[in-house]
*Asks:* 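One structure follows; several queries about it will come next.
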Amino acid sequence: MSKPFKTLDDMGEIQGKRVLVREDLNVPMAEGRVTDDTRLRATVATVGELADKGAIVLVLAHFGRPKGKPSPDFSLSQVVKPYSKVLGREVWYIDWEGAEDTVATLEPGDIAVLENTRFFGGEETNDAAVVARFASLGDLYVNDAFSAAHRAHASTEGLAHVLPAFAGRAMEAELDALQKALGAPEHPVAAVVGGAKVSSKLDVLRHLVTRVDHLIIGGGMANTFLAARGVDVGKSLCEHELASTCEQIMEAADKANCTVHLPYDVVVAKQFKPNPATRTVNVHEVAADEMILDLGPAAVESLGDVLKNCRTLVWNGPLGAFETPPFDTATVALARTAAALTEGGSLVSVAGGGDTVAALNQAGVAAAFTFVSTAGGAFLEWMEGKDLPGVAALTR
């Protein structure tokens, strides 16, 4: 099936061509060490393939928030050595000063990381002069950074208009998975949406009720929906002021034939700390001095039955306060059910967002999901039904 964007398969002969590749190298660091190299590993397929085909690979990326000015704290030079280790190849570092001369010395198959794109004030405003500066170094452009695709920056959007533009392998895999999950999914479709606050995911919920058959709400968000239904949630985290908004979302779901699933048994405690005294109660039995911190086992079993009857699952956010034991129980249990159904071939499962990835890793099932996106903001905006500038530029 032809794709709405060009991929590396459409590039033709690239021996000796300079290819600007937008990647996400914005990795967490402590004391000069990369503490999580997930983003570096995600680039290997694209960068390695281009180098193997004889391209001169010039990696563009941002690092932190230097606010448009060069700063040693935000220099990508500190990522080059760990990146070289991940790639298993030598990686050059190129400063912006004299970049043209340095690029001219590179040979086919060489890989270089250009200095932080955000050292230019015009990067984040998609300034034409900055786009031209970047473009002058390359013959072709590849965007492989879905996690930055919700930004219309010079290196994520502008370049796609001035150089022949292609999606890298990670970007291609991401877009294929998202198409399967919400673009043209196999029904019934379930969405799990968790997290602390309804206010941070209003647009997600409004969009999803029109696209999915089952909307499973967990985390602190579920407390707000329960309160909107007249349930006394005690001391639980709850945005009481959003009661009417929750009612509107549930009405929209009814109109769209989307079933909203709220917990009917929950795990409560009087203190929010690791391993406090807890009890499992019906949602109508939460005491005034108790907090809802996880879904109960009956709710999890019932949600597992929902997933068994679905063909597609989109997951964003944990069901409970999963970082604090034992309130990861519901998230881990439902994630394992989803993983088993995926491995059994009955479910396409796509998950994304930082908390979600951490929760699936905690459950030991991230590898069993059909696709797990490491993108945070971009994944959320996609779930809101928004056009992502970096993706739209590739599909023009």
Side-chain angles (χ1 to χ4, degrees), residues 36 38 181 190-205 208 212 214-226 233 236-239 246 260-269 272-276 278 280 283 291-304 306-307 310 313-342 347 349-377 379-380 382-384:
D36 180 353
T38 306
V192 172
V193 183
K197 294 187 169 183
V198 172
S199 53
S200 66
K201 296 196 179 167
L202 280 175
D203 289 345
V204 170
L205 296 170
L208 287 179
V212 306
H214 296 275
L215 178 60
I216 295 164
I217 299 177
M221 296 170 60
N223 305 336
T224 302
F225 274 86
L226 289 169
V233 295
S236 306
L237 177 69
C238 180
E239 295 173 286
C246 291
V260 176
H261 298 267
L262 295 171
Y264 44 83
D265 71 325
V266 289
V267 178
V268 297
F272 182 36
K273 65 177 188 180
N275 303 306
T278 65
T280 301
V283 292
M291 291 172 269
I292 298 171
L293 292 167
D294 203 7
L295 271 58
V300 174
E301 190 177 339
S302 151
L303 294 175
V306 170
L307 297 190
C310 287
L313 168 66
V314 185
W315 190 319
N316 176 256
L319 298 175
F322 86 101
E323 299 103 327
T324 309
F327 308 117
D328 59 343
T329 306
T331 303
V332 167
L334 193 64
R336 286 182 178 157
T337 299
L341 293 169
T342 304
L347 189 70
S349 53
V350 175
D355 281 355
T356 315
V357 177
L360 297 185
N361 283 334
Q362 199 158 310
V365 298
F369 268 57
T370 308
F371 188 82
V372 177
S373 171
T374 54
F379 188 84
L380 212 55
W382 166 78
M383 282 186 81
E384 291 168 0

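Atom set for the values below is all heavy atoms of this structure, side chains included, hydrogens, waters and symmetry mates excluded.
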*Asks:* Is any side-chain heavy atom of Leu293 less than 4.5 Å from a side-chain heavy atom of Val268?
*Replies:*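 No, every pair of side-chain atoms sits at 4.5 Å or beyond.
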*Asks:* I need the minimum non-hydrogen distance between Glu239 and Thr224, along with the two atoms involved.
*Replies:*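 For Glu239 versus Thr224, the nearest heavy atoms are N-OG1, 3.0 Å.
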*Asks:* Can you check whether Ala299's main-chain N or O pairs, donor with acceptor, with Asp265's side chain at less than 3.5 Å?
*Replies:*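 Confirmed, Asp265 side chain pairs with Ala299 backbone.
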*Asks:* Determine whether Phe369 and Val350 make a side-chain contact, defined as any pair of heavy atoms from C-beta on separated by less than 4.5 Å.
*Replies:*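 They are not in contact (no side-chain heavy atoms under 4.5 Å apart), so the answer is no.
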*Asks:* Let me confirm one number: the OG1-CZ distance from Thr374 to Phe379, rounded to the nearest 0.5 Å.
*Replies:*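 That separation rounds to 10.5 Å.
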*Asks:* When the side chains of residues 333-342 are checked against the rest of the protein, which donor-acceptor pairs come out under 3.5 Å, sequence neighbours left out?
*Replies:*
residue : atom : partner : partner atom : Å
Arg336  : NE   : Ala363  : O            : 3.1
Arg336  : NH2  : Ala363  : O            : 3.3
Thr337  : OG1  : Ala333  : O            : 3.2
Thr342  : OG1  : Ala338  : O            : 2.7
Thr342  : OG1  : Ser349  : OG           : 2.8

*Asks:* Is the backbone of Gly317 close enough, under 3.5 Å, to the side chain of Thr356 for a donor and an acceptor to pair up by distance?
*Replies:*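 Confirmed, Thr356 side chain pairs with Gly317 backbone.
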*Asks:* At their closest point, which heavy atom of Ala181 faces which heavy atom of Trp382, and how far apart are they?
*Replies:*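 Between these two residues, the closest heavy atoms are CB-CH2, 4.0 Å.
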*Asks:* Indicate yes or no: at least one non-hydrogen side-chain atom of Leu237 is less than 4.5 angstrom from one of Met291.
*Replies:*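 Leu237 does not reach Met291 side chain to side chain.
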*Asks:* So which heavy atom on Ser200 is nearest to which on Leu380, and how close?
*Replies:*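 Ser200 and Leu380 have their closest heavy atoms at O-CD2, 4.4 Å.
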*Asks:* Taking all atoms of both residues into account, what is the closest heavy-atom pair of Asn361 and Ala366, and its distance?
*Replies:*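 What the structure gives for the nearest pair is OD1-CB, 3.2 Å.
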*Asks:* Looking at every heavy atom in both Val283 and Pro263, which two are closest together, and how far apart are they?
*Replies:*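 In terms of heavy atoms, the two residues are closest at CG1-O, 3.3 Å.
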*Asks:* Is the shortest heavy-atom distance from the side chain of Val266 to the side chain of Leu295 under 4.5 Å?
*Replies:*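 Not touching, per the 4.5 Å side-chain cut-off.
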*Asks:* Mind listing the side-chain donor-acceptor pairs of residues 321-332 below 3.5 Å, one per line with the distance, residues two or more places apart or on another chain?
*Replies:*
residue : atom : partner : partner atom : Å
Asp328  : OD2  : Gln362  : NE2          : 3.1
Thr329  : OG1  : Pro326  : O            : 2.6
Thr331  : OG1  : Leu319  : N            : 2.9

*Asks:* Is there side-chain contact between Val314 and Val212, with at least one heavy-atom pair below 4.5 Å?
*Replies:*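 In short, these two side chains do not touch, never coming nearer than 4.5 Å.
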*Asks:* Please collect all salt bridge (charged side-chain N to carboxylate O under 4.0 Å, His left out) contacts where either partner lies in residues 191-205, sequence neighbours excluded, each pair once.
*Replies:*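 Passing the test, one end in residues 191-205: Asp203-Arg206, Asp203-Lys386.
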*Asks:* Are Asp294 and Thr280 side-chain neighbours, meaning at least one heavy-atom pair lies under 4.5 Å?
*Replies:*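 Asp294 does not reach Thr280 side chain to side chain.
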*Asks:* Heavy-atom distance under 4.5 Å between the side chains of Val267 and Ile292, does that happen here?
*Replies:*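 Side chain of Val267 against side chain of Ile292, heavy atoms only: no contact under 4.5 Å found.
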*Asks:* Please report the closest heavy-atom contact between Leu307 and Leu347, naming both atoms and the distance.
*Replies:*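 Looking at all heavy atoms of both residues, the closest pair is O-CD1, 4.2 Å.
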*Asks:* For the atom pair CD1 (Ile217) and CG (Leu262), what is the distance rounded to the nearest 0.5 Å?
*Replies:*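 With rounding to 0.5 Å, CD1 (Ile217) is 5.5 Å from CG (Leu262).
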*Asks:* Are the side chain of Ser373 and the backbone of Ala375 linked by a donor-acceptor contact shorter than 3.5 Å?
*Replies:*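 Side chain of Ser373 to backbone of Ala375: a pair is present.
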*Asks:* Taking the side chain as every heavy atom from C-beta outward, state whether Met221 and Val193 have any atom pair closer than 4.5 Å.
*Replies:*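 Counting from C-beta outward, Met221 and Val193 do come under 4.5 Å.
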